[in-house]
Amino acid sequence: MKVQVNEDVLAYVEADAVPEAQGSTNPAGPDGPQSRNSVVICQAVGRSIFTSSVSSAAGRVGFLLQKEEGKEASCPVLFIQLNELFSTPDGLQWKQTARWIKFEEKVEDGGERWSKPHITALSLHSLFELRTCIKKGTVLLDLDAHSLKQIVEKVIAMQIDAHALRPEVRKKLMSVLLRTPQHHTTKSQLRRVAELGAACCRDKARNRSDPGAEISEAPLKEQLKNQFQKKVPAEAEVSNILVGEVDFLEKPFIAFIRLQEAVGLGALTEVAFPSRFLFILLGPRAKVKAYHEIGRAVATVLTDELFQRVACQAQDREDLIAGIDEFLDELTVLPPGKWDPTIRIPPPKCLPSPHKRISMHLREWKSHCNGNVSAADDRHTHGHQPVSEELQRTGRLFGGLVKDIRRKAPWYWSDFYDALNIQCFSAILYIYLATVTNAITFGGMLGDATDNMQGVLESFLGTAIAGAVFCLFAGQPLTILSSTGPVLVFERLLFSFSKDYSLDYLEFRFWIGLWVAFFGLILVATEASYLVQYFTRFTEEGFCALISFIFIYDAVKKMLSLADSFPINWDYKINDVTLYGCICNSSGTGRSGLPPVGRQQGLEAANWSLLTRTECLRVGGHLVGNSCNYVPDITFMAFILFLGTFLCSMMLKSFKTSHYFPTALRKLVSDFSIILAILIFCGIDAILGLETPKLIVPSEFKPTNSQRGWVVFPLGVNPWWVCLVSAVPAVLVIILIFMDQQITAVILNRKEYRLQKGAGFHLDLFCVSLLMILTSVTGLPWYVSATVISLAHMDSLKKESTTSAPGEQPKFLGIREQRLTGLVVFILTGVSVFLAPVLKYIPMPVLYGVFLYMGVAALNSIQFMDRIQLLLMPAKHQPDFMYLRHVPLRRVHLFTLIQMLCLAALWILKSTVAAIIFPVMLLALVGIRKAMECIFSRQDLSWLDDIMPEKDRKEEEEKLQRSQEKEESDSEDSEFMYQEKGPEINISVN
């Protein structure tokens, strides 16, 4: 809200506030400028530099907030409606002119449409007028009334008894206040078109808004059908504001009413919700729009969460005045002439948490009461991350595993029925196609690296079995298991080593897998997942960026390889089109070695030119011509499908923030964005009919390599000592598995995702260790958490508020935590062998486009990419990131460069013969992050990263930090830390 200050404010404030200025001294005299300024400061500011005590207003507010602190129920959302009294040819009539939930919407001139939501712009004079109205008017708190008529009768009777109102105006005042108001209801587009096309509907509208009719005590039909009700939370209450001018009053009729129980007031409100507050202001003719501005001031103050709590708990008039004084205390000034008051300022994308602001007021008041002013400033605690419950050590064998099982068991059945939502259906289709593509890609690469000892079918079968078992029993079922790049590197090195030393690869791998499972169980028993707390944002972002770049690199690499299979004729010239050709020639010897004469039986010489390429090669002919190796359009078309799928997915995913179409349709398109993109470009490919490479899945259930079976025998051709030596490479594998699994788990369980069912670090590692035994015995690929696909799974299951105030961004509510989507995905992956006739129509470039989208989406979710962009951006164009306010830019760049060097080192190790030490390098990231504490201050690291735990931290400090975070648990991402500031209010002095 913006507030303007008129020139007569100071004089008005002086007249009203001098009696309350408790003996302030003024060396310049009662009329001097210092007196005037001092009065304004004392009136508008609760905390003064001339006194260390809390103002009486702050004391009252703090006392009221403390009374409410123990109560779980918070104040409901308020829908605020401003009705103004207008003079029409038919008489006086109430008309709705504005409404608020969080931001203001005005009825535009002509009454045909609502304005865009905007931050309210007020004059400061109207706020002081409101304060005077509360001070001098009638205040009724917890009034027991059940209709507007009862309320009006009681207020009028009280003012007559107090000799504030003449008895002879009772009837006129009752008649005016009980007139039926005219609402500007929100209608659907179809309904508006129908009303515009039917004149009778307009006549009915006039009859319905008869200004002389008494207000109905029951909601009207138009109220019940109002489309705007979808924007208002179901538990909301209404505040009605009635202002206007009448000629039969000599002085203002003012009343502020809080009802004991929220009741429906019939046709008074635009929406059929119960009313809690009423503010009535009627009076003689005043300055232009004076009553209108006071009404807007009341509405704006009631939109403030702090004042709402004060209004709900107030015991008398002074409590309300104290709430207004605290509201004034937090105003922010805009200098005159630096902004245009006629501009409607749009709502910000992100607002500070009101709970943080209220809790800060309460803590500050308590600290003053306890005589400890410095305790109010708790900004030094930023960056401290207390050990979460999931990572607290029990000191018992398998103690962490037992706690994980006990924590997750009560949620187990809800993990299935919580999936009954159409959003989960979209997630299943999206993640299924991503998982199938990943299984085919890594299965093909495994087949190339291991001479098909592990191929595409083994990849499908292992993905289905391991993934389904993990989703059924893991602690974090949103995790998607898959073969990953680091595991593939190790498999390639292991096969090469086995081949060089004449060892049986699957048997050698079997013993390594058993040792890995054994080491994994030891880590679970000793609660080694406790070490996860040392994985800060630095380590998480480095690993996530590496996996994301692998996805992007593999997608682009696969597309570039199409130029080899479908070469482009760069020498093609349209003028030489008559010279191009390709025919089948019978001369020469066929591949089978048979003479061409034997192959030509039944074929005439002229028929050779009619053979297709496949038929020509089959009968022993060979192709002759300068266009025989030219494959028209395939590669370029594949790139169109690849980039089109990626760009279409990005566009449709962001469609929910578009200004077109209803909210429900935008959200539906956004949820199904990936599926729609795939269907669109599959349709384009089918229409054009080009032979682009298609998705090929195994159609027979048998090992890819006929020399192997489905069970690996432990004691075969390898020497007996291999089972002991296998422990050495198993150490490297368990480091890789532990780092890969737990870093992904930390990323998925960050507090930004607001998971409600808790994590299961020990249980997840336990399941992966047992699955290692199963996959080693059956000769299937090893599986671990896939970072990028798991992040895509989480992103597809984000929950947002269905009701949001106009102008307010939908609130992120968390993730739809359940087991069913992952389970169905892996079951579908297992039966994909039987879906081959359908899947063969999906072009591979489309799926590679999905891979590219997942990699880019994962990169966009980390702060690391934002800081890389800062390296290329002039300071004046840099976004206002919170860490840039507290950390020098050169330190931010140094932190980013260190991360980039670590990422480059990981990439080089992965791609060279040194890949065997890749797991150790992952572990070294934690040591590098610890060493950075010698370069960066603790303050810098608290903003750029997380603070690593310290053994010597006091237990009391940890408990204090936990209690503070509990109060602020519903805050925004850690990226947008709360700043100590008031409601979004600015003052411009004209």
Side-chain angles (χ1 to χ4, degrees), residues 12 16 80-88 91-98 125-145 147-182 211-212 214-215 238-259 265-266 268-269 275-299 301-302 311 314 316-317 320-321 324:
Y12 172 81
D16 183 59
I80 304 166
Q81 176 173 321
L82 174 61
N83 291 344
E84 294 188 55
L85 192 63
F86 290 89
S87 178
T88 66
L92 296 176
Q93 184 178 25
W94 292 103
K95 292 184 179 180
Q96 181 183 8
T97 58
H125 184 271
S126 64
L127 286 170
F128 285 116
E129 288 272 36
L130 169 62
R131 187 181 186 278
T132 304
C133 288
I134 298 296
K135 184 177 181 181
K136 297 182 178 181
T138 300
V139 175
L140 296 177
L141 301 177
D142 294 330
L143 178 65
D144 186 14
S147 67
L148 180 62
K149 188 173 183 178
Q150 290 184 16
I151 296 172
V152 172
E153 288 176 345
K154 291 184 178 182
V155 172
I156 292 177
M158 180 172 290
Q159 292 216 8
I160 291 176
D161 293 342
H163 304 289
L165 186 69
R166 292 182 290 111
E168 54 268 22
V169 302
R170 175 201 292 265
K171 189 174 181 180
K172 292 183 179 180
L173 196 56
M174 286 280 294
S175 175
V176 169
L177 290 175
L178 295 181
R179 289 172 180 264
T180 300
Q182 177 182 331
E214 185 173 326
I215 190 169
V238 178
S239 296
N240 296 282
I241 302 170
L242 307 175
V243 297
E245 299 176 352
V246 291
D247 56 5
F248 55 82
L249 289 178
E250 298 176 354
K251 58 182 180 178
F253 174 83
I254 307 167
F256 181 89
I257 302 108
R258 183 184 71 202
L259 298 178
L265 297 182
L268 180 62
T269 59
S275 295
R276 173 70 67 177
F277 297 100
L278 280 92
F279 179 82
I280 304 173
L281 173 59
L282 291 176
R285 184 169 297 278
K287 292 170 60 178
V288 178
K289 292 189 175 181
Y291 296 118
H292 171 76
E293 290 299 322
I294 295 174
R296 293 177 66 242
V298 178
V301 171
L302 283 172
D316 52 31
R317 183 193 313 271
L320 293 175
I321 294 176
I324 296 176

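Every heavy atom of this structure was used, including side-chain atoms; hydrogens, water molecules and symmetry mates were not.
Using a distance-only test at 3.5 Å, with no hydrogens or angles considered, no donor-acceptor pair links the side chain of Glu153 to the main chain of Met174. The main-chain N or O of Asp144 is found under 3.5 Å from a side-chain atom of Lys154 such that the two form a donor-acceptor pair. Tyr291 places no side-chain N or O within 3.5 Å of a backbone atom of Leu242 that could act as its donor or acceptor partner. Panel note: side chain Arg276, backbone Leu259; a donor-acceptor pair is recorded below 3.5 Å. Of the possible polar contacts, none joining the Arg179 side chain to the Trp94 backbone as a donor-acceptor pair under 3.5 Å is found. Using modelled atom types, no side-chain atom of Arg296 and backbone atom of Ser126 make a donor-acceptor pair closer than 3.5 Å.
Counting only heavy atoms from C-beta outward, the side chains of Leu82 and Gln96 never approach each other to under 4.5 Å. Using a 4.5 Å cut-off on side-chain heavy atoms (C-beta onward), Asn83 and Leu268 make contact. Between Val176 and Phe248, some side-chain heavy-atom pair lies under the 4.5 Å cut-off. Side-chain atoms of Val155 and Phe253, non-hydrogen and from C-beta on, do get closer than 4.5 Å to each other. Side-chain atoms of Leu249 and Leu165, non-hydrogen and from C-beta on, do get closer than 4.5 Å to each other. Counting only heavy atoms from C-beta outward, the side chains of Leu278 and Leu265 approach each other to under 4.5 Å.
Of all the heavy atoms in Arg317 and Gly137, the pair that sits closest is NH1-O, 2.5 Å. Residues Asn240 and Ser275 come closest through the heavy atom pair ND2-OG, 2.9 Å. Taking all atoms of both residues into account, the shortest heavy-atom contact from Leu141 to Asp316 is CD1-N, 3.5 Å. Scanning all heavy atoms of the two residues, the minimum distance from Pro284 to Lys251 falls at CD-C, 3.7 Å. Annotation for Leu127 and Ala297: closest pair CD2-CB, 4.1 Å, computed over non-hydrogen atoms.
Note that the CD1 atom of Ile321 and the CD1 atom of Ile134 stand 7.5 Å from one another [nearest 0.5 Å]. Rounding to the nearest 0.5 Å places CD of Gln182 at 5.5 Å from NZ of Lys95. We find the CD1-CD1 distance between Ile156 and Ile151 to be 12.0 Å, quoted to the nearest 0.5 Å. Taking CG from Leu143 and CZ from Phe277, the interatomic distance works out to 12.5 Å, rounded to the nearest 0.5 Å. In this structure, Ile294 CD1 and Cys133 SG are separated by 4.5 Å, a value rounded to the nearest 0.5 Å. For the atom pair CD1 of Ile324 and CZ of Phe128, the computed distance is 10.5 Å after rounding to the nearest 0.5 Å.
A side-chain contact (heavy atoms from CB on, under 4.5 Å) with Ile280 is found for one member of Leu177, Ile254, Val243 and no other, namely Leu177. A salt bridge (Lys or Arg N to Asp or Glu O under 4.0 Å) with Glu168 is found for one member of Lys172, Arg170, Arg166, Lys171 and no other, namely Arg166. When each of Gln81, Glu84, His292 is paired with Thr97, the side-chain hydrogen bond (donor to acceptor under 3.5 Å, both in side chains) condition holds for Glu84 and for no other.
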